[in-house]
Each structure stands twice: as C-alpha cells, then as structure tokens.
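What follows is a set of notes on a single structure, which appears directly below.
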Amino acid sequence: MIFPYQCLVARTDSDDSNKWTVFGASGSKLVAQSSTGATSVWPQQDEQQQQIVSAEHGEPPGKRIKLSPAPTERGPNFSSIILSSNGEYLIGVTGEDKCIRVFQVDKEGQFQQLSERCMSRKPSSITLTSDDFTILCADKFGDVYALPLIPSPNDEPAENPVVTEQPVDKDFTPSATVLTVHSGRNRRTLEEQLKQKAKGPLKTKEAMTFKHDLLLGHVSMLTDLAYAKKGNRSYIITADRDEHIRISRGVPQAHIIEGFCLGHEEFISRLCLTPLKLLVSGGGDACLYVWDWQNYRLVERLPLRDTALQHRKARSDLSPSLPDNDQGFKVAVSGIWNIPGLDALTNAVLVACEGLPALFEFEIGSNAKSATTISLNGNALDVAFIKGSDNSCSIVVSIDNIHKAGSTTLVRKDKIAARLQYFSKQTDGQWQEDEIVGKVFVGFAGQGSLMDDEATNGDTPIGNGADQASSEKKSARDILYSVENLRKRPGAEE
C-alpha cells in the first residue's frame with residue numbers, strides 16, 4: 001500500500017494560468033505533477049539504485065520493479081510543505097530529524113535540494129515573509145526563528161565557538177521525592193520525573209551552526225504562525241496551545257508585542273489570513289473565530305462543531321459510532337484554507353477537522369451561518385487549489401487510505417482505497433466531484449512512499465513496537481493525526 005499524501009500544495013504559472021503544478025508529501029517522499037502530465041519524485045536515489053543493480057546483472061527493465069528499498073532506509077517524514085509566492089522554491093519540514101529543507105523547482109516540477117538545516121527543537125509551523133527572503137520557523141518550545149531562504153557563505157557565523165571538550169550528558173535528578181509530595185498534581189509530576197530518570201541521561205541541546213535569529217517566544221507550545229503586512233509595517237501572528245493569539249511586529253522589531261486576540265477556550269491549531277485582512281482561527285473549540293486582528297477584536301463565530309455533528313449524524317457508514325451524549329462530540333481543526341476565485345468582496349474558507357471525512361465551506365460575514373459540506377470517502381488530510389483562467393476553482397483533496405472513514409485508529413480492510421478526490425466549484429456555488437480532473441492525476445495518485453502490507457492489516461494490533469508492522473502502523477497514525485493531542489486532559493491544570 002502507498003502512504004497517503006499528508007501534505008499538498010499547488011502553484012499556478014504566472015504567465016499562463018492554465019499551467020499549474022501540484023506538490024505532495026507522501027511519507028518521506030515529495031511528488032510533483034504538472035498540468036502537462038509530467039511527474040517527478042524526490043529523492044530519486046531508489047530509482048537510481050534500481051537502474052544500477054539491474055545494469056550490473058544484465059536484467060531486462062521489466063525486472064527493476066522487483067527491487068525495493070529496505071524499510072530501514074526510509075528517510076524522515078515530511079510534516080509540512082509550503083511554496084514561495086513566485087512558486088520557484090518549496091520548503092519542507094521533516095519531523096524526525098527536525099530539518100528545514102529548501103528545494104528549487106523548475107517549470108515541470110523537478111526538485112533540486114539547495115539546503116538542509118536541522119533545528120535544535122522540532123518545528124511546529126513555518127511560513128515565508130512577503131519578499132520570499134526569510135523563513136519564519138515556530139517550534140514546540142514556543143520560539144520563533146528567522147532563517148534566510150537561500151543560505152549564503154557570508155551568512156555563516158563569523159566566530160564559531162571552539163569546543164575544548166565533548167559535552168557530557170547530565171544525569172536527570174527528580175526535584176521531589178515520595179516524602180515531599182502531598183497533592184494529586186505533585187504525585188503525577190513525580191511520576192513523570194521518575195519516568196524521565198529511567199530514560200537515562202539528558203541529551204544536550206544541539207547547536208545550530210547556520211545563520212538564525214531568535215525573534216520572539218511564548219511560554220507555551222506554538223502551533224501555527226502567519227505573516228502579514230499593513231503599509232510599511234510587517235507583523236508576525238502566532239498561536240499557541242494555551243488559547244493565545246499574539247500580534248507582534250515583524251523583523252527587526254519582533255520583540256514588540258502589539259496586542260492579543262483572546263477568546264478561545266481550547267487550543268488553537270490553525271490560523272488563516274483572508275484577502276479582506278481578517279484572521280480566521282480554529283482548534284479545539286466548537287466554533288471558528290473571525291478576528292479584526294489589527295484592532296484585536298472578535299468579529300464573528302462560525303458554528304463548526306454543529307455543522308460537523310450534523311454531517312456526522314447523517315453518515316451511517318462511519319465508524320466508530322457517535323457517543324450517546326452529543327456533548328461528547330468534539331472537533332479538532334486540522335486545516336483552514338482561503339478559497340480562490342471569489343469576487344473581491346467575498347471571503348470564504350474551507351475547513352477540515354481531524355478524523356472527519358468531509359470539508360466545510362463557510363462564507364465570512366454572511367448572515368446565513370450554515371455551511372456547505374463536501375462529503376468525502378475518507379478522512380481529509382490536506383487540500384490543494386487549482387485556479388483556472390476563467391476564475392474557476394478545482395480542489396485536490398488528500399484522503400486517508402489507511403484508516404476507516406470517521407476514525408483515527410481503526411484500519412481499513414480495503415487495500416485499494418483512493419488516496420485523492422477531486423472537486424470543482426459550480427456556478428451555483430456547490431462543489432461537485434470532477435472525474436475529468438481525476439484522470440489528469442493518474443500518475444500522481446500512484447506515486448509515494450510504500451508501506452508494509454502487515455502495517456495496514458486491520459487485525460494487527462498496535463503493540464509495544466517490537467514488530468515492525470505494529471511500529472509502522474503507530475508511526476502512520478502519529479504522522480497523520482496529531483492535532484487532537486493538543487487538547488488538555490481533565491485535571492491537567494489542577
């Protein structure tokens with residue numbers, strides 16, 4: 001089975017709007033397809049190795065497909081990909097090695113890796129400044145760094161620290177004992193400290209030897225960030241797990257906090273700036289929040305949970321079943337996207353929720369609070385927009401072909417489930433599945449990282465990780481579904 005596309009993004013040719021390229025990340029591989037039908041894959045090492053081995057043994061080309069890379073040779077998986085505004089550069093984040101990779105992509109989508117920079121902490125979100133010169137990187141420890149998009153030898157630190165001796169990992173010592181704790185929260189803290197001690201010495205923080213600037217920091221895990229400009233002044237908008245949205249000035253005054261957009265009661269996972277200069281935020285709350293972020297004012301709430309619950313009840317084919325009490329139904333926003341091709345006075349967004357086989361379209365500022373729902377064959381993972389020359393709009397939707405629709409844990413028994421669905425917006429405003437667009441992506445749909453068949457067997461339990469199938473199944477779930485983990489458990493703040 002081929003791993004689903006956990007990330008999608010698209011670009012349109014600035015000279016010819018009928019020409020486009022769609023990029024996807026499937027596990028550790030990047031795949032691109034242009035409107036001409038040409039596809040490319042990164043890395044190409046596996047294909048080159050197959051050709052070399054086949055040539056050495058004199059095998060006919062047909063036998064090359066039997067050679068496949070060993071599972072241990074798979075690279076780190078992509079957690080995020082973005083494009084520069086001119087579409088010339090693709091920036092990807094790989095989670096396991098905490099690296100930011102910059103690729104140059106030509107007209108046909110061929111990849112050329114330009115740099116690979118590993119951060120000291122795992123990045124949680126990246127974006128680019130409006131001039132495409134600087135990457136802004138938010139990490140899970142609450143810091144935001146600025147890195148040049150294209151590293152230059154002149155950007156390297158002028159003075160590298162001289163290491164006289166190798167750093168020694170320090171033994172972790174709990175700050176409490178069983179004789180000094182008196183509350184439930186302290187007992188839980190002590191248990192976590194004892195678990196940490198059992199893991200062995202603490203690893204020292206890796207130094208970043210490339211040019212980077214620390215811009216700002218939160219006291220909580222950062223989940224998303226956005227970059228905006230108003231006149232000659234730029235802003236960095238950051239969201240964290242503790243329900244905060246902060247508006248800071250851009251470089252070089254990022255230490256100055258302009259204000260906060262406060263009102264969320266649960267974690268915030270996604271931010272989206274609209275063409276009309278509004279900010280849409282979502283996460284674990286029942287509603288999407290729409291902000292006049294320049295004045296730190298809440299404009300409206302959009303009923304996401306009620307819309308998702310209504311769709312969930314109408315789908316008898318989904319599993320697991322709904323809880324008896326509707327109050328137990330919660331949503332976790334995994335994506336918010338602006339819909340292109342609308343008139344200048346209309347703002348509309350598409351929203352995806354983790355573990356739900358649907359997309360929801362909300363029109364901002366509309367008196368009608370109902371949403372348009374796009375029903376899917378599997379859980380939505382990501383969306384790429386293709387804008388036509390006639391202002392039409394089509395979308396490519398990445399579908400989870402591993403887990404059952406409506407579940408983030410149960411594995412499909414169908415091994416040939418589709419990984420992509422395609423829709424076009426009609427003149428009446430409705431979305432309709434588009435088979436013509438689907439035929440264009442036949443090559444794209446067949447590319448990606450391969451998975452062990454045992455890892456996608458619904459009868460294989462997630463065990464202690466001793467067998468590779470169980471470990472790969474758990475790894476797949478961790479890659480595809482991480483938003484709900486941001487939700488604080490009852491008693492966590494006691």
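Quick caveat: nothing in here was measured; it's all calculated off a predicted structure.
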**Q.** Separation of Asp400 CG from Ser407 OG (nearest 0.5 Å)
**A.** 9.0 Å
Q) So is Arg241 actually on top of Phe267's ring, under 6.0 Å and inside 45° of the axis? A) no
Q) Judged by atom type as modelled, is there a donor-acceptor pair below 3.5 Å linking the side chain of Ser482 to the main-chain atoms of Asp478? A) no
Q) If only atom types and distance count, is the side chain of Glu361 paired as donor or acceptor with the main-chain N or O of Val349 below 3.5 Å? A) no
Q) How many angstroms lie between atom CH2 of Trp20 and atom OG of Ser394, to the nearest 0.5 angstrom? A) 9.0 Å
Q: Apply the side-chain hydrogen bond (donor to acceptor under 3.5 Å, both in side chains) test between Thr129 and each candidate in Asp132, Asp131, Thr127; give the one that qualifies.
A: Asp131
Q) Do we get Arg419 above Tyr5's six-membered ring, with its NZ or CZ under 6.0 Å from the centre and within 45° of the axis? A) yes
Q: Please examine the side chains of Trp293 and Ile247, heavy atoms only from C-beta on, and report whether any two atoms are closer than 4.5 Å.
A: yes
**Q.** Those residues that, when tested against Tyr289, pass side-chain hydrogen bond (donor to acceptor under 3.5 Å, both in side chains) (two or more places apart)
**A.** none
Q: State whether the number of non-hydrogen atoms from other residues, nucleotides or ligands found under 6.0 Å of Lys229 atom NZ is greater than 12.
A: yes
Q: Please say whether more than 12 non-hydrogen atoms of neighbouring residues, nucleotides or ligands are located less than 6.0 Å from CD in Gln426.
A: yes
Q) Mind checking what makes disulfide (SG to SG under 2.5 Å) contact with Cys7, not counting sequence neighbours? A) none
Q.
Please check this pair: side chain of Ser269 against backbone of Val333, looking for a donor-acceptor N/O pair closer than 3.5 Å.
A. yes
Q: Report the distance from atom CG of Leu420 to atom CG of Leu376, rounding to the nearest 0.5 Å.
A: 11.5 Å
Q. Closest heavy-atom contact between Ile81 and Gly92?
A. CG2-CA, 4.0 Å
Q: List the steps, then state whether side-chain contact (heavy atoms from CB on, under 4.5 Å) holds for Ile399 with Val397.
A: CA-CA 6 Å; Ile399 302 297; Val397 186; 4.0 Å; yes
Q. Do Ile245 and Thr238 come close enough that some side-chain heavy atom pair is under 4.5 Å?
A. no
Q. Under the side chain to side chain donor-acceptor pair (under 3.5 Å) criterion, do Ser375 and Arg315 qualify, and how do the steps go?
A. CA-CA 9 Å; Ser375 184; Arg315 295 280 298 270; 2.7 Å; yes
(Q) Just checking Lys19: does its NZ atom have more than 12 heavy atoms from other residues, nucleotides or ligands closer to it than 6.0 angstrom? (A) no
Q: Check whether any side-chain N or O of Ser34 sits under 3.5 Å from a backbone N or O of Thr21 as a donor-acceptor pair, and report yes or no.
A: no
Q: Report yes or no: does Asp139 contribute a side-chain atom to a donor-acceptor pair with the main-chain N or O of Gly142 at less than 3.5 Å?
A: yes
Q. Would Phe441 and Tyr422 count as a close aromatic pair, with their ring centres under 6.0 Å?
A. yes
**Q.** Side-chain touch Thr94/Arg101, heavy atoms, less than 4.5 angstrom
**A.** yes
Q: Find the distance between CG (Asn347) and CD1 (Ile364) and round it off to the nearest 0.5 Å.
A: 5.0 Å
Q) Is the side chain of His212 donor-acceptor paired with the backbone N or O of Phe210 at a distance under 3.5 Å, no angle test? A) yes
Q.
Please evaluate residues Ile395 and Ile339 with respect to the criterion side-chain contact (heavy atoms from CB on, under 4.5 Å), reporting the C-alpha separation (whole Å), side-chain torsions for both, the decisive distance (0.1 Å), and the verdict.
A. CA-CA 9 Å; Ile395 58 174; Ile339 300 176; over 6 Å; no
Q | Glu484-Thr408 side chain donor-acceptor pair, cut-off 3.5 Å | A | no
(Q) Using a strict threshold of under 4.0 Å (side-chain N to carboxylate O), is an ion pair present between Glu354 and Lys330? (A) no
Q: Only counting residues at least two apart or in another chain, list the ones meeting ring pair (Phe, Tyr, Trp, His ring centres under 6.0 Å) with Trp337.
A: none
Q: Would you give the length of the straight line joining atom CG of Leu215 to atom CG of Leu136, rounded to the nearest 0.5 angstrom?
A: 6.5 Å
**Q.** Which atom of Gly24 lies closest to which atom of Leu8, heavy atoms considered
**A.** CA-CD2, 3.9 Å
Q: Over all heavy atoms of both residues, which pair between Asn379 and Gly406 is shortest? Give the atoms and the distance, please.
A: OD1-N, 2.8 Å
**Q.** SB check Asp13 Lys107 (cutoff 4.0 Å)
**A.** yes
(Q) Tell me the closest heavy-atom pair linking Ala380 and Leu359, and the distance in Å. (A) CB-CD2, 3.9 Å
**Q.** Ring centre gap for His218 and Phe141 strictly below 6.0 Å
**A.** no
Q: List the steps, then state whether side-chain contact (heavy atoms from CB on, under 4.5 Å) holds for Cys393 with Trp431.
A: CA-CA 10 Å; Cys393 180; Trp431 294 90; 4.0 Å; yes
Q: Give the minimum heavy-atom separation between Ala228 and Leu273, together with the two atoms involved.
A: CB-CD1, 3.7 Å
(Q) Please check this pair: side chain of Ser26 against backbone of Phe3, looking for a donor-acceptor N/O pair closer than 3.5 Å. (A) yes
Q: Run through Phe111, Phe23, Phe103 and flag the one making a ring pair (Phe, Tyr, Trp, His ring centres under 6.0 Å) with Trp42.
A: Phe103
Q) Salt bridge check: are Arg412 and Asp414 linked by an N-O gap of less than 4.0 Å? A) no
Q) Are the side chain of Ser424 and the backbone of Gln432 linked by a donor-acceptor contact shorter than 3.5 Å? A) no
**Q.** Closest contact, heavy atoms only, Ser28 versus Pro43
**A.** O-CD, 4.0 Å
Q | Side-chain heavy atoms of Ile135 within contact of Pro148, under 4.5 Å | A | no
Q) Just by distance, do the side chain of Arg305 and the backbone of Val331 share a donor-acceptor pair under 3.5 Å? A) no
Q.
What I'd like to find out is whether the side chain of Leu350 reaches to under 4.5 Å of the side chain of Phe385, using heavy atoms alone.
A. yes
Q. Any chance the side chains of His264 and Ser281 put a donor and an acceptor closer than 3.5 Å?
A. yes
Q. Is there a side-chain contact between Gln6 and Ser398 (heavy atoms, below 4.5 Å)?
A. no
**Q.** Stepwise side-chain contact (heavy atoms from CB on, under 4.5 Å) check, Leu225 with Ile237
**A.** CA-CA 5 Å; Leu225 84 163; Ile237 306 174; over 6 Å; no
Q) Roughly how far apart are Thr12 OG1 and Lys387 NZ, rounded to 0.5 Å? A) 8.0 Å
**Q.** Ile336 vs Leu288 side-chain heavy atoms within contact, under 4.5 Å
**A.** yes
Q: Taking Glu300 for its side chain and Gly365 for its backbone only, find out whether a donor-acceptor pair lies under 3.5 Å.
A: yes
**Q.** Ser392 vs Lys425 side-chain heavy atoms within contact, under 4.5 Å
**A.** no
